[in-house]
Amino acid sequence: MSLQGKHIVLGITGSIAAYKSAILTRLLVKKGAEVQIVITSAGKEFITPVTLSALSGRPVISEFFTSGDGTWHSHVDLGLWADLMIVAPATAATIGKMANGIADNMLVTTYLSMKAPVFLAPAMDLDMYRHISTQRNIEKLRGDGIYIIDAAEGELASHLEGKGRMEEPENIVATLEQFFATGHDLEKKKIMITAGPTYERIDPVRFIGNFSSGKMGFALAEECASRGAEVILITGPSALSASHPNIVRVNVESAAEMYDAALQNFPQMDAAILSAAVADYRPEQKSEEKIKRSGKEKFTLSLISNPDIAASLGKIKEPGQLTIGFALETNDEEHNAMKKMEEKNFDYIVLNSLNDPGAGFGHDTNKVTILSRNGEKQSFALKSKDEVAKDIVDNAFGNGKLTMDN
Ligand code: C5P
């Protein structure tokens with residue numbers, strides 16, 4: 001998807017780099033975008049609204065009201081009109097205000113009303129940029145789901161060399177094009193993913209676990225988040241980290257904890273992907289003290305059944321909610337997977353092959369067949385788990401299949 005016809009709110013703040021915003025406006029307009037500029041009072045000291053309105057073909061907005069005729073500029077309407085907002089250049093002051101919701105000008109007020117994704121291209125002196133408070137605010141905004149176009153290194157207006165230059169307009173345009181091209185088909189969808197193993201405690205130092213690394217679930221979480229979804233990743237113990245700001249990670253240890261977290265979150269979700277390797281059984285009794293070697297030849301551990309998270313979600317699933325499960329079968333694979341889909345009320349089931357080298361637990365690759373409730377079947381080659389995640393998401397949610405609005 002190109003920028004043709006896209007509605008873009010361009011926020012401009014008081015930085016020397018504001019001259020680059022004129023070029024940015026020109027490039028966006030050339031690509032067919034409609035650009036509405038919102039500029040701060042300080043921004044106008046660096047570049048005039050006359051230049052910007054001539055380039056964008058629209059009056060530049062700076063104040064809440066036009067002085068003279070009293071026309072109100074609705075930040076709420078702008079928030080609904082926009083397909084994307086970008087603040088470029090973003091000064092330390094504006095970044096601080098945005099991070100803390102200090103809506104004392106038209107630009108930050110527009111940001112707080114924004115329904116569309118928001119990008120920031122910071123520009124400032126190197127010491128200001130690396131200052132702990134600037135970095136804290138940037139991280140806070142990243143955590144709020146704002147896309148940060150990192151400042152570049154080079155010569156600064158202060159004649160010092162370092163990191164703080166606003167990224168070049170050509171590169172900003174390329175980033176925005178890339179953003180629309182990757183398809184934000186899951187924008188605002190809420191997706192819960194279970195991942196990793198569970199640990200079932202035997203005593204304070206021992207547990208029953210499995211070799212699941214969490215890689216498939218984490219790859220699914222990154223894929224869904226990069227397509228705009230708000231992801232809740234409920235994971236058993238895993239060394240992996242989730243990097244996308246749209247992922248909220250919930251750490252659990254046992255199947256019972258995973259069950260509680262999953263059941264609590266699922267009603268608010270559009271979909272759930274159950275990729276965790278949940279222990280079917282746990283010790284009937286957990287010893288509070290470390291179990292000592294008793295000297296006997298035989299030690300018996302009594303196990304009881306864990307709740308089936310997938311099946312429980314299947315029971316409370318509402319129309320419009322989708323669930324996707326995994327199956328690892330050793331014989332009669334497809335038949336058993338279809339049976340599992342029925343029992344757990346999945347809409348799709350991803351069949352992992354145990355017979356292929358490189359597939360399954362711990363590997364970076366996987367080879368899957370995706371079966372749907374209504375009998376569709378697609379088999380894929382051995383691929384990286386990132387690519388498999390894309391295939392699964394395309395198949396189950398692609399082309400607007402995930403349509404329910406919560
Ligand atoms: O029954 P089985 O364990 O083979 O089913 C696998 C599927 O069910 C996976 O999607 C897995 O995440 C899910 N599952 C679950 N809770 C369990 C056991 C399995 O959610 N207790």
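Residues: numbered from 1 along the sequence shown. Order of appearance sets the numbers: ligands from 1, and atoms from 1 within every ligand. Heavy atoms only: backbone and side chains are in, while hydrogens, waters and symmetry mates are out.
For the atom pair NE2 (His73) and CD (Gln36), the distance works out to 8.5 Å, reported to the nearest 0.5 Å.
In this structure, the protein non-hydrogen atom closest to atom 7 (C) of ligand 1 is Phe326 O, 3.1 Å. When only non-hydrogen protein atoms are considered, atom 10 (O) of ligand 1 lies nearest to Leu274 O, 2.6 Å. Residue, atom and distance of the protein heavy atom nearest to atom 21 (N) of ligand 1 are Pro307 O, 2.9 Å. For atom 20 (O) of ligand 1, the closest non-hydrogen atom on the protein side is Ala310 N, 2.9 Å. The protein heavy-atom contact nearest to atom 16 (N) of ligand 1 is Ile309 N, 3.0 Å. Among protein heavy atoms, the minimum distance from atom 18 (C) of ligand 1 is reached at Val278 CB, 3.8 Å. In terms of protein heavy-atom proximity, atom 11 (C) of ligand 1 is closest to Ala276 O, 3.4 Å. In terms of protein heavy-atom proximity, atom 4 (O) of ligand 1 is nearest to Lys340 NZ, 2.3 Å.
Atoms of ligand 1 found under 4.0 Å from any heavy atom of Gly325 (numbered from 1 in listed order, with element): 10 (O).
Using a 4.0 Å cut-off between a side-chain N of Lys or Arg and a carboxylate O of Asp or Glu, Arg227 and Asp394 qualify as a salt bridge. Ionic pairing of Lys344 and Asp308 is present here: one or more N-O contacts between side-chain nitrogen and carboxylate oxygen are shorter than 4.0 angstrom. The residues Arg142 and Glu139 are annotated as salt-bridged, a charged nitrogen and a carboxylate oxygen being separated by less than 4.0 angstrom.
Taking all atoms of both residues into account, the shortest heavy-atom contact from Phe207 to Ile202 is C-CD1, 3.9 Å. Taking both residues in full, the closest heavy atoms of Ala327 and Ile349 are given as CB-CD1, 3.8 Å, listed atom of the first, atom of the second, then distance.
Contact annotation for Ala311 and ligand 1: no heavy atom of the residue comes within less than 4.0 Å of the ligand.
A cation-pi arrangement is absent between Lys340 and Phe346, since the terminal nitrogen or guanidinium carbon is not both under 6.0 Å from the aromatic centre and inside a 45° cone about the axis.
Under a 4.0 angstrom heavy-atom cut-off, Ala277 registers as lying outside contact with ligand 1. The shortest heavy-atom distance from Asp308 to ligand 1 is under 4.0 Å. Look at Ala255 and you'll find every heavy atom at least 4.0 Å from all atoms of ligand 1.
Aromatic ring centres of Phe179 and Tyr147: separated by under 6.0 Å.
For atom 5 (O) of ligand 1, the nearest non-hydrogen atom from the set Met258, Glu343, Lys339, Lys344 belongs to Lys344.
The side chain to side chain contact (heavy atoms under 4.5 Å, CB included) test with Met258 is passed by exactly one of Val278, Thr235, Val250: Val278.
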